Amino acid sequence: NAGVTQTPKFQVLKTGQSMTLQCAQDMNHNSMYWYRQDPGMGLRLIYYSASEGTTDKGEVPNGYNVSRLNKREFSLRLESAAPSQTSVYFCASGRSSPGYTFGSGTRLTVV
Amino acid sequence: EDKVVQSPLSLVVHEGDTVTLNCSYEVTNFRSLLWYKQEKKAPTFLFMLTSSGIEKKSGRLSSILDKKELFSILNITATQTGDSAVYLCAVAPRDNDMRFGAGTRLTVKP
C-alpha cells in the first residue's frame with residue numbers, strides 16, 4: 001500500500017546510545033517531516049525537509065540530526081540518547097494543504 | 001508564538017450521544033486548519049478548512065471554521081464505539097509548518 005513506512009516500530013535504548021529511525025514514502029512528495037508526540041503535548045516538529053537536499057529545524061531540534069537521503073527517504077538520528085527523548089516519533093510527508101500522511105510511529109524508550 | 005488549544009482534553013460519552021470538540025488558535029499567519037483522528041497509531045486526515053462559515057461533512061462528522069473568532073469545532077453525531085480516538089487539531093501558518101494541539105481523547109461507551 002502507498003504511504004509512509006517507518007522502522008523500527010519499537011526500540012529501547014540505554015542512555016548515551018545512538019540510533020537512526022528510518023522513514024520512506026512512495027507518494028512522490030517533496031516535503032517530509034519528523035514529529036515527536038508526548039502525553040499532553042500533541043505533536044511537535046523536530047525537523048523537516050522541504051525538498052531533496054534541504055533540511056530545517058522545527059520546534060524541538062536539540063539532540064537530533066536528520067538526513068534526506070533522496071526524495072523517498074528521510075532519517076532521524078539520535079547521537080547520544082537521553083531519557084527526555086523517550087517518546088513516540090512520527091514521520092510524515094506531504095504539504096500542509098491538503099494535509100500530511102503519517103507513518104505508523106516508532107515508540108522509543110530511553111532508560 | 002503560534003499556539004493551538006483544544007478542549008476538552010478528554011471526554012467520555014455513551015453510544016448515540018452527540019459531541020462537540022473545540023479548537024482555538026493563535027498564529028502569525030493562517031493558511032488552513034486540519035482535523036485528524038488518531039487511534040492506536042498514525043493520525044489519519046479528516047478535514048481541511050480554509051474558509052470561514054463553510055461546513056465540511058463526512059457521514060456523522062462535520063466541522064466548521066470561524067476565522068474571525070479564531071476557532072473551529074468538530075461535531076460527531078450518533079457516536080459509536082469506533083469513534084473512540086484522540087482527535088487532533090492542527091493549524092498551518094505556512095507551508096511545511098503545521099502546529100498541533102494536544103488533542104481531545106474521546107471515549108464512547110456502549
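Note on naming: letters A, B, ... go to the chains in the order of the sequence lines (proteins, then strands), and numbering restarts at 1 for each one. Because only heavy atoms are used, hydrogens play no part in the values below, and waters and symmetry mates are left out as well, while side chains stay in. Quick caveat, the model's predicted, so the values are computed rather than measured.
One hydrophobic cluster, built from ILVMFWY side chains closer than 4.5 Å, cannot hold both A/Y48 and A/L76; they sit in different ones. Hydrophobic clustering keeps A/L21 apart from A/V88 (ILVMFWY residues linked when any side-chain heavy atoms are closer than 4.5 Å, directly or through intermediates). No path of Ile, Leu, Val, Met, Phe, Trp and Tyr side chains, each step under 4.5 Å between heavy atoms, connects A/Y33 with A/L78, placing them in separate hydrophobic clusters. Residue A/F90 is grouped with residue B/L88 when hydrophobic side chains (ILVMFWY) are merged at heavy-atom distances under 4.5 angstrom, including chains of intermediate members. Note on B/W35: it clusters hydrophobically with B/L61, by side-chain heavy-atom contacts below 4.5 Å among ILVMFWY residues.
The contact list for residues 37-47 of chain B toward chain A, using heavy atoms and a distance under 4.5 Å, reads B/Q38, B/K41, B/A42, B/P43, B/F45 by residue number. Residues from residues 10-30 of chain B never place a non-hydrogen atom less than 4.5 Å from a non-hydrogen atom of chain A. Within residues 99-110 of chain B, the residues having any heavy atom less than 4.5 Å from a heavy atom of chain A are, in residue-number order, B/R99, B/F100, B/G101, B/A102. Residues of residues 99-111 of chain A lying within less than 4.5 angstrom of chain B, judged on heavy atoms, are A/G99, A/Y100, A/F102, A/G103, A/S104 in numerical order.
Of the listed residues (B/M98, B/M48, B/R31), the greatest number of heavy-atom pairs within a distance under 4.5 Å of chain A belongs to B/M98. Contacts with chain A were tallied for B/V86, B/V91, B/L9, B/L34; B/L34 has the most, counting heavy-atom pairs under 4.5 Å.
For chain B, no part of A/Q6 is nearby; none of its heavy atoms comes within less than 4.5 Å.
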